[in-house]
Amino acid sequence: MPHTSTPAPARTLQRMLRAAPWYAGLDDDERVRVECDVSERLVAGGAFVARRGGRVDHWMGVVEGLLKMSNVSPEGKLATFAGMPDGAWFGEGTLLKNEARRYDVIALRDTRVACMPRTTFEWLLERSIPFNRFLLDHLNERLGQFIAMVEYDRLLDPDARVARCLGSMVHPLLYPGNGDSLRIGQEELGNLAGVSRQRVNQALQRLENEGLLSIEYGGIRIVELEGLRRFGS
DNA sequence: TCATTAAATTGTT
DNA sequence: AACAATTTAATGA
């Protein structure tokens with residue numbers, strides 16, 4: 001590493017938008033409107049970004065931080081659907097169906113959230129084919145994750161749960177910009193995978209020994225993405 | 001640039 | 001849950 005290393009570019013809202021996979025396909029008018037309409041909100045760690053049952057009037061994306069999409073059943077059972085790292089977008093399903101939100105979104109640490117107004121979202125939906133294409137890919141990917149979840153989740157041992165949790169948060173096409181490394185601590189990973197931090201540590205060491213990832217301070221570097229997604233099956 | 005310190009995170013029991 | 005070890009970030013000379 002050269003000692004003249006340039007400081008990592010700040011995770012600004014504008015930078016995040018321009019790196020978004022759907023942004024590249026927009027025309028100039030669309031880009032101008034998007035950059036004008038999208039605002040940024042800071043959510044403290046532990047706080048709700050949006051609540052189940054609440055009205056949905058924004059399509060949201062993670063500029064910087066970490067979110068958890070989850071639900072609590074009437075019996076008090078916690079179900080986490082997805083972890084959302086930098087560059088992840090969510091809420092399109094509820095926007096398209098125009099119904100109340102079906103899940104809670106909670107910040108696992110201080111997180112900056114990009115908010116695109118419903119009107120802008122619908123405007124893009126009406127006129128941009130690349131935007132529609134992105135939504136299609138995005139929904140399809142999400143569907144695949146949910147199918148895998150109902151198929152295996154209850155049967156998986158902790159190692160596999162951690163592996164799949166990581167695999168679901170890395171997507172070179174839908175969430176670019178993270179490269180092959182994920183900034184997530186072992187405690188946060190435990191919250192997402194539903195296992196203790198100690199067990200996360202144990203799982204990560206096994207996964208590292210099998211050559212699927214490498215453990216870094218404050219994060220994980222993905223080595224074999226497909227191996228992580230397949231792990232345990 | 002280097003040393004010191006505090007804070008965060010990891011590894012182990 | 002508690003503890004020790006490690007890494008990073010911040011501070012000031």
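- Summarising the geometry, the separation between CG on A:L66 and C1' on B:dA8 is reported as 16 Å, rounded to the nearest angstrom.
- Checking the phosphate oxygens (OP1, OP2) of B:dG11, a side-chain nitrogen or oxygen of A:Q186 falls inside 4.0 Å.
- Classification of A:R133 and A:D137 as a salt-bridged pair holds, one side-chain N sitting under 4.0 Å from a carboxylate O.
- Here A:N201 reaches the OP1 or OP2 of B:dG11: one of its side-chain N or O atoms lies under 4.0 Å away.
- If you take CD of A:E216 and C1' of C:dT7, they are 12 Å apart, rounded to a whole angstrom.
- Taking atom OH on A:Y217 and atom P on C:dA5, their separation rounds to 16 Å, with Å as the unit.
- Rounded to a whole Å, the CZ atom of A:R109 is 9 Å from the P atom of B:dT9.
- Spacing between atom CZ of A:R197 and atom P of B:dA8 amounts to 14 Å, rounded to whole angstrom units.
- Rounded to a whole Å, the CD1 atom of A:I215 is 10 Å from the P atom of B:dT12.
- Across the protein-nucleic acid pair, A:I184 atom CD1 and B:dT10 atom C1' stand 14 Å apart, rounded to whole Å.
- In this structure, A:R199 places its CZ atom 16 Å from C1' of B:dT10, rounding to the nearest Å.
- Ion pairing between a basic and an acidic side chain is recognised when a charged N comes within 4.0 Å of a carboxylate O; A:R206 and A:E210 show such pairing.
- Ion pairing between A:E64 and A:R183 holds under the 4.0 Å rule for side-chain N and carboxylate O.
- Remark: the A:Q205 side chain and the A:N201 side chain contain an N/O donor-acceptor pair separated by less than 3.5 Å.
- Among the protein residues, A:Q205 comes within range of the sugar-phosphate backbone only, with heavy atoms under 4.0 Å from sugar or phosphate atoms but none that close to a base.
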